[in-house]
Amino acid sequence: MVRSKEEIAQSMKGRDFLMLVDYTPDEIQYLIELAIELKEKQKAGQPHQPLKGKTVGLIFEKSSTRTRVSFEVGIYQLGGQGLFLSGNDLQIGRGETILDTAQTLSRYLDGIMIRTYEHRKVVELARGATIPVINGLTDLSHPCQALADFQTIYEKHGSFDGVKLAYIGDGNNMVHSLMMGAAKLGVDMSIATPEGYEPDEDIIAQTLAVAEETGAKIVVCRDPKEAIEGANFIYTDVWASMGQEAEQKEREIAFANYQIDDELVKLASPDFMFMHCLPAHRGEEVTESVIDGEHSIIFDQAENRLHAQKAIMAAIMS
């Protein structure tokens, strides 16, 4: 059954935003189009304050540049206020249960965003809260970044028809969200990772099940050349994410053949676009010539974190 935009908007009020698997293709498309609409209004200087008088608590157990700034600016532009809550400052950092924290914050706030390590914390927080909870990042998933990325792809390509996305690198939280987003939106995606660094098996199974319904082709392989062949968009991430610093040397060896460089990108579409969620380690996962070259759209992605997250907050908190 095809739903109207009004029906989709109504269905999203009050919901959590934890993983893209929880949202239907038309709901993800709605969020992307809403993000673009809010972006146009912001660029034109048009007031857009659907969350006037509302407050979102921003819990950070992992440090951040893009997540913190984009959420704080975003809620302000929507007419509300963001309250920065360091994990070290909250009682949760001294042993208070997540459920008690969730119920307490629900009495004060209109929404919660949390950026943390263990995904179970986000799930428990959402279970205990009576207000919407947004996953700002966990070790399993990064849905806010992925939504901004697909907004960027949609803006650059004009649609999702005929898009091939290639991801080269670690099978981490970023690739988990990109895989599911691609499957939901009918985007073909190839992922190349070294042995032992593949995406989570359950995430792969979920993604393939969704892809069967939408017609997306999702491939996980070892060979970066195979994955990148004919790609319109090329994506990578750091080899060692936050919390994996002790594995840096080991990972540099494992990922030595997975660097995005000028030779590898020759196999992609001639007009390919390079993507990275940032922060980047130039000279490791990608060469300076690629990330700072004419095909790079990394700062368009970074900007769209603001607009995509505004769409999420406006949709579920209004």
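Source: prediction; values computed, not measured.
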Side chains of [X] and [Y]: closer than 4.5 Å at any heavy-atom pair?
X      : Y      : result
Leu264 : Gln259 : no
Gln206 : Val210 : no
Ile234 : Tyr167 : no

Counting only heavy atoms not in [X], do more than 12 sit closer than 6.0 Å to its [atom1] atom?
X      : atom1 : value
Lys13  : NZ    : yes
Glu294 : CD    : no
Glu245 : CD    : yes

Assess the pair [X] and [Y]: is the distance between their ring centroids shorter than 6.0 Å?
X      : Y      : value
Phe272 : His295 : yes
Phe274 : Phe233 : no
Phe60  : Phe84  : yes

May I ask you to say whether [X] pairs ionically with [Y], meaning some side-chain N is under 4.0 Å from a carboxylate O?
X      : Y      : value
Glu303 : Lys43  : yes
Arg15  : Asp22  : no
Lys184 : Glu27  : no
Glu229 : Lys225 : no
Asp271 : Lys156 : no

Using atom types as modelled, flag every donor-acceptor pair under 3.5 Å from a side chain in residues 188-196 to any protein atom, sequence neighbours excluded.
| unit_1 | atom_1 | unit_2 | atom_2 | d |
| --- | --- | --- | --- | --- |
| Asp188 | OD1 | Lys217 | N | 2.9 |

Is there a donor-acceptor contact under 3.5 Å from the side chain of Tyr235 to the main chain of Val175?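 Looks like no, no N/O pair under 3.5 Å.
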CD of Gln145 to CG of Asp237: how many Å apart, nearest 0.5 Å?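 It comes to 8.5 Å.
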Indicate the atoms forming the closest heavy-atom contact of Glu118 with Asp139, along with that distance.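 Closest pair (atom of Glu118, atom of Asp139, distance): N-OD2, 4.4 Å.
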Over all atoms of both residues, closest heavy-atom pair of Ile291 and Ser296: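 Ile291 and Ser296 have their closest heavy atoms at O-OG, 2.7 Å.
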Kindly determine whether His276 and Glu285 satisfy side-chain contact (heavy atoms from CB on, under 4.5 Å), including the steps that lead there. CA-CA 10 Å; His276 195 302; Glu285 71 271 13; 2.7 Å; yes
